[in-house]
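Step one of this worksheet: look at the structure below.
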Amino acid sequence: MRYLSIYKMVERNTPPTGEEMANMGKLVEQGMKAGWLLATEGCLPTALGARVRASEGKVTVIDGPFTEAKEVVGGFAILQAGSKEEAIQLTKDFLKVAGDGECELRQLYERPPRT
């Protein structure tokens, strides 16, 4: 089963330290080699982003930063796990390295094989 883990955090105004980058890089390398980490990316500050919303036929665009947000998406990972419990444990292990924040864990839809 594949899971999407969306990391939410309080936005910080400083880039990760060299030690933080090294620790995360080590976890990512281990996960890729072991096969439980399929993809991952971190997000740049919201000041560089935009929100695009469709409502009642109108599309609006709001440029960042998103100061009203208490938490922002800091990154994501796509995990390969045998069960929801395993995906939760992998996410707990990630948070030990990432620090404060939370992950929303969602199982991804997988099309049944064609017969």
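FYI, side chains are in, hydrogens and waters are out, and symmetry mates aren't considered; it's all heavy atoms of this structure. Throughout, residue positions are numbered sequentially from 1 according to the sequence presented.
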Donor-acceptor pair, [X] side chain versus [Y] backbone, under 3.5 Å?
| X | Y | value |
| --- | --- | --- |
| Gln80 | Leu38 | no |
| Thr46 | Gly49 | no |
| Glu29 | Gly25 | no |

Nearest heavy-atom pair of [X] and [Y]: which atoms, and what distance?
| X | Y | answer |
| --- | --- | --- |
| Leu90 | Ala81 | CD1-CB, 4.4 Å |
| Met24 | Val97 | CE-CG1, 3.7 Å |
| Ser5 | Leu79 | CB-CD1, 4.3 Å |

- Query: Does anything in residues 2-32 pair up under ring pair (Phe, Tyr, Trp, His ring centres under 6.0 Å), and if so which pairs, sequence neighbours excluded?
  - Reply: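 Every ring pair (Phe, Tyr, Trp, His ring centres under 6.0 Å) pair that includes a residue of residues 2-32, provided the two are not neighbours, is Tyr7-Phe94.
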- Item | Selection residues 30-84 - residue pairs positive for ring pair (Phe, Tyr, Trp, His ring centres under 6.0 Å), sequence neighbours left out |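 Every pair satisfying ring pair (Phe, Tyr, Trp, His ring centres under 6.0 Å) with a residue in residues 30-84: there are none.
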- Message: Applying salt bridge (Lys or Arg N to Asp or Glu O under 4.0 Å), can you list everything that pairs with Lys92, at least two apart in sequence or on another chain?
- Response: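 Not a single residue meets the salt bridge (Lys or Arg N to Asp or Glu O under 4.0 Å) criterion with Lys92.
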- Among Ile, Leu, Val, Met, Phe, Trp and Tyr joined by side-chain contacts under 4.5 Å, find the other residues sharing a cluster with Met21 and list them by chain and number.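 Besides Met21, the hydrophobic cluster comprises nothing; the residue is isolated.
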- Using the salt bridge (charged side-chain N to carboxylate O under 4.0 Å, His left out) rule, collect all pairs that involve residues 16-25, keeping only residues at least two apart or in two chains.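 Qualifying pairs: Arg12-Glu20.
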- Nearest-0.5 Å distance that lies between atom CD1 in Ile78 and atom CD in Glu41: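 Those atoms lie 10.0 Å apart.
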- Query: Which distance, rounded to the nearest 0.5 Å, do you find between the CG of Asp63 and the CZ of Arg51?
  - Reply: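 Rounded to the nearest 0.5 Å, the CG-CZ separation comes to 11.5 Å.
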- Message: Once side chain to side chain donor-acceptor pair (under 3.5 Å) is applied, do any residues pair with Lys8, and if so which ones, sequence neighbours excluded?
- Response: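 Lys8 satisfies side chain to side chain donor-acceptor pair (under 3.5 Å) with Glu104 once adjacent residues are dropped.
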- Message: Let me check something: do Leu105 and Val73 share a hydrophobic cluster, defined by ILVMFWY side-chain heavy atoms less than 4.5 Å apart, either directly or through other members?
- Response: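 In one cluster with Leu105: Val73, no.
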